[in-house]
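Single-structure report; data block below.
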Amino acid sequence: QIALGADMRFATPDCKLSIMEAKWGLIPDMSASVTLRELVRIDVAKELTMTGRIITGEEAAELGLVTRCVADPMEESIKVAEEIVARSPDSVAATKRLYQETWVAPEVTCLKEETIIQRQLLASYNQLAASGRNFGMKIPYAKRKDDIMDRQRPGSSSETHPF
C-alpha cells in the first residue's frame, strides 16, 4: 500500500499484488482510502479490497494500479527518472503540485491553479532554458524556484500544501 502513494509504479508481468487486509478481517489503512481512489474505479477498489484477490503485474497495469508493466522495473524507473531530470525543475515541481492539488477539484479551481502556476513559470530562467534546449542550446537549469512549491501562494485557491 505504500507504493500506491508513489508518483509512478513499475512492476514485472509476473509480479503478485494484493490488498490482503480482507484475509485478516481488517480494512486497508496507510492511506489506501485516498490513494486507491486516485488510481482505480470504486468497484475495482471494493472488489480487490473485499476479496484480497492476488493479481499479476499485467492486470495491475490494466487496472491502473501500476504505471507500467515491464521486464525490468528498476531499469524502466531509472529511464523515466532520467527523462524527468532532463526537464525544468520548476516545471516538474509545478506539474506535481498542480495535479496533487486539483486532481479531484472542480474544473474552475483547476483552471485557476493552472493560470497561477503558468504565470509563475512563463519567462522564468528555467522556462527560457527549457525553450532554448528545444533549439539545441545547452543551457543549464538553475535550482528550482521555491515559490513554485510554497505552501501558500498569492492568489492560490489552496490554504495549505501537504508536501
Side-chain angles (χ1 to χ4, degrees), residues 1-12 15 17 28-45 48 57-163:
Q1 290 175 19
I2 293 172
L4 295 177
D7 290 333
M8 294 164 221
R9 294 152 309 285
F10 302 93
T12 60
C15 176
L17 300 124
D29 55 3
M30 297 172 51
S31 79
S33 62
V34 174
T35 54
L36 269 177
R37 71 179 178 200
E38 294 177 352
L39 302 174
V40 299
R41 298 183 326 253
I42 190 170
D43 60 322
V44 173
L48 293 175
E58 288 178 338
E59 186 175 359
E62 290 170 12
L63 295 173
L65 284 173
V66 298
T67 308
R68 293 189 197 157
C69 184
V70 295
D72 188 341
M74 182 61 78
E75 181 181 311
E76 187 70 11
S77 63
I78 290 169
K79 179 181 157 192
V80 171
E82 288 171 345
E83 290 176 25
I84 292 169
V85 169
R87 302 295 177 205
S88 163
D90 294 342
S91 171
V92 170
T95 298
K96 180 171 178 164
R97 179 178 183 142
L98 175 67
Y99 288 145
Q100 291 297 126
E101 289 187 356
T102 64
W103 199 250
V104 296
E107 290 175 8
V108 67
T109 302
C110 298
L111 296 172
K112 180 179 177 185
E113 287 297 312
E114 280 181 16
T115 301
I116 291 167
I117 294 171
Q118 195 74 299
R119 284 181 178 162
Q120 287 182 300
L121 292 173
L122 283 170
S124 67
Y125 176 86
N126 282 338
Q127 190 270 316
L128 295 173
S131 296
R133 287 176 173 215
N134 283 308
F135 293 100
M137 303 168 85
K138 296 187 179 193
I139 303 169
Y141 287 120
K143 184 179 174 190
R144 180 177 59 77
K145 288 173 56 176
D146 290 334
D147 60 342
I148 295 295
M149 293 294 283
D150 279 350
R151 287 183 159 277
Q152 294 184 22
R153 290 188 322 274
S156 176
S157 64
S158 61
E159 295 281 324
T160 61
H161 185 39
F163 302 107

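Basis for what follows: all heavy atoms, side chains included, without hydrogens, waters or symmetry-related copies.
Nearest heavy-atom pair, A11 versus G57, reported as atom, atom and distance to 0.1 Å: CB-CA, 4.2 Å. Nearest heavy-atom pair, A45 versus L36, reported as atom, atom and distance to 0.1 Å: CB-CD1, 4.3 Å. Of all non-hydrogen atoms in A123 and L128, the two that sit nearest each other are O-CD1, 3.8 Å. M8 and I84 get closest at one heavy-atom pair: CE-CD1, 3.5 Å. When all heavy atoms of N126 and K143 are compared, the closest pair comes out as ND2-O, 4.0 Å. Between G5 and T35, the shortest heavy-atom distance links the atoms CA-CG2, 3.8 Å.
Side chain of Q100 to main chain of K96: no donor-acceptor pair is present (N/O by atom type, distance under 3.5 Å, no hydrogens or angles). A donor-acceptor contact shorter than 3.5 Å is absent between the side chain of S91 and the backbone of S88. The backbone N or O of Q127 lies less than 3.5 Å from a partner atom in the side chain of S131, making a donor-acceptor pair. In this structure a side-chain-to-backbone donor-acceptor pair under 3.5 Å is missing from T109 to A105.
Atom CD of E114 has more than 12 neighbouring heavy atoms from other residues, nucleotides or ligands inside a 6.0 Å radius. The number of heavy-atom neighbours closer than 6.0 Å to CD of E83, taken from other residues, nucleotides and ligands shown, is above 12. Within 6.0 Å of CD1 in I42 there are 12 or fewer heavy atoms belonging to other residues, nucleotides or ligands.
The shortest side-chain heavy-atom distance between L17 and L65 does not fall under the 4.5 Å cut-off. Contact check for T102 versus E107: no side-chain heavy atoms found under the 4.5 Å cut-off. Using a 4.5 Å heavy-atom threshold, the side chains of D72 and F10 count as separate. V80 is not listed as a side-chain neighbour of T67, based on a closest heavy-atom distance of 4.5 Å or more. Within the 4.5 Å cutoff, the side chain of C69 has no heavy atoms near those of the T12 side chain. The shortest distance between side-chain heavy atoms of Y99 and C110 does not fall below 4.5 Å. At a threshold of 4.5 Å between non-hydrogen side-chain atoms, the residues K112 and V108 do not count as touching.
Side chains of Q120 and S124: a donor-acceptor N/O pair is absent below 3.5 angstrom, by distance only.
The CG atom of L63 sits 5.0 Å away from the CD atom of E59 when rounded to the nearest 0.5 Å. Taken to the nearest 0.5 Å, the SG atom of C15 stands 12.0 Å off from the CZ atom of R9.
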Query - Steps toward side chain to side chain contact (heavy atoms under 4.5 Å, CB included) verdict (D90, Y141) - result: CA-CA 9 Å; D90 294 342; Y141 287 120; over 6 Å; no
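Here R133 pairs with nothing under the salt bridge (Lys or Arg N to Asp or Glu O under 4.0 Å) rule; sequence neighbours left out.
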